[in-house]
Protein chains: 2
Amino acid sequence: MNLKSQVEWALHCCAILAGLPEGRYLSTKALAEFHGLPKEYLSKALQGLSQAGLVNTTLGPTGGYRLARMPAELTFLDIVEAVEGKSRTFICNDIRANNPCRPAGFCEEGPCAIARIMWEADEAWREKLRSVKLSDLVETLSKDIPRDLWKSSFEWVLDRAG
Amino acid sequence: MNLKSQVEWALHCCAILAGLPEGRYLSTKALAEFHGLPKEYLSKALQGLSQAGLVNTTLGPTGGYRLARMPAELTFLDIVEAVEGKSRTFICNDIRANNPCRPAGFCEEGPCAIARIMWEADEAWREKLRSVKLSDLVETLSKDIPRDLWKSSFEWVLDRAG
DNA sequence: GCACCACTACTCGGATAATAACTGTCCGAGTGTTGTTGG
DNA sequence: CCAACAACACTCGGACAGTTATTATCCGAGTAGTGGTGC
């Protein structure tokens, strides 16, 4: 069970979009080139973000994507769920219902104890992702990345932002 | 990204094995019949437990599986990792390395900031699973399941335990 | 010189194939039981 | 009656197909910019 690589791509793209000046858009082509990714497929990840309402889009020559909210209002969980879906990772098939000892009309109430525990772990994962905002990531990146590279990357993006 | 159903099966099977008297074994056939699962495939999940050293096996007519440790010494994480593998759910392909603005010989140090955050969430998930012991599950189940069903199931298992 | 208009080029979005992972099935190697035979 | 032995039946373990999800690709609908044209 691995998260799809789309999640990684979407997070990186959001980090870039967070640095975009107000009102400007960045195209899939530019994002794909910057990260060395297949343009056509990256597009699908961005579609996910768009459908979830996390980014706005515009068509035409200067079109592309931009964040729909401030980076402080966007959590990792928002982005991950937009791409990966909101369903739980553990699916309970209720196999306890197959117990041959069960009386005929017997009907268990409430979710299986095993499912409850697995779902709690799921929720812990989500809670962690919910606690990290996109603005936190940008702040961390600004410390990690050498000033020169940070600046030149910013200009590279600006040159291509419509 | 869903956990494989094998994880669910393994957890249920361990819950049953936890109630097995000392020194007795329960076969894949019995476990499969009890849960209404394909015997051949369930076998693969139990193989995972066996290879991880969580259960002991014996061959022959009265053979099968039994827990290798006390239920209080077995965590959910042990079982989940035995079936699902220990690798992280988020895989960092280090796409930041493709940044066209990077100097030629430049080499990033340390893992990507995005990967660090995703791995922390992973760890939160693992920590939750690590905190729940198999004995805890058995305790919960003994409260959830009606006494009659609990007892008849126990006898059903005992009849088939070698 | 300026406003209008048609065209172009570029964008996103959904529909369509290739690949990998999960699910399900089969058969062989090995072992404990059991029935038989001899003492 | 008891012990040794051989055949057997049942077990686990790894090797082999079928189905679903992920990855990758393509093409069409739509729009903002651009150049030309008429006033």
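Below, read A as the first sequence line, B as the second, and so on, with proteins coming before strands; counting in each chain starts at 1. These numbers come from a predicted model, not from an experiment.
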*Asks:* C:dG32 P sits how many Å from B:Asn56 CG, rounded?
*Replies:* 14 Å
*Asks:* Atom CG of B:Leu3 and atom P of C:dC22: how far apart are they, to the nearest Å?
*Replies:* 10 Å
*Asks:* Could you check how far CG of B:Leu42 sits from P of D:dG13, rounded to whole Å?
*Replies:* 12 Å
*Asks:* Tell me whether the OP1 or OP2 atom of D:dT23 has a side-chain N or O from A:Tyr41 closer than 4.0 Å.
*Replies:* yes
*Asks:* Would you say the side chain of B:Asp122 lies within less than 4.5 Å of the side chain of B:Arg126, judging by non-hydrogen atoms?
*Replies:* yes
*Asks:* Let me have a per-nucleotide readout for nucleotides 5-19 of chain C, 5' to 3', with B, S or -, counting only protein heavy atoms under 4.0 Å.
*Replies:* -----BBSBB-----
*Asks:* How close or far is atom P of C:dC22 from atom CH2 of B:Trp9, stated in whole angstroms?
*Replies:* 14 Å
*Asks:* Measure the distance from CD on B:Glu8 to P on C:dT23 and round it to the nearest whole Å.
*Replies:* 11 Å
*Asks:* State, without any angle test, whether A:Thr89 and B:Asn2 hold a side-chain donor-acceptor pair at a distance under 3.5 Å.
*Replies:* no
*Asks:* Just checking, any donor-acceptor pair under 3.5 angstrom between side chains of A:Ser153 and B:Asn99?
*Replies:* yes
*Asks:* How close do A:Leu42 and A:Thr28 get, counting heavy atoms only, and between which atoms?
*Replies:* CD2-O, 4.1 Å
*Asks:* For the pair made of CG in A:Asn93 and P in C:dC22, what is the distance, rounded to whole Å?
*Replies:* 16 Å
*Asks:* In whole Å, I'd like the distance from the CD atom of B:Gln6 to the P atom of C:dT25.
*Replies:* 12 Å
*Asks:* Roughly how many Å is it from NZ in B:Lys4 to C1' in D:dA21, rounded to a whole number?
*Replies:* 14 Å
*Asks:* In terms of side-chain heavy atoms, does B:Thr58 have a donor or acceptor partner in B:Tyr25 at a distance below 3.5 Å?
*Replies:* yes
*Asks:* With rounding to the nearest 0.5 angstrom, report the CG to CD1 distance, A:Leu129 to A:Ile79.
*Replies:* 10.0 Å
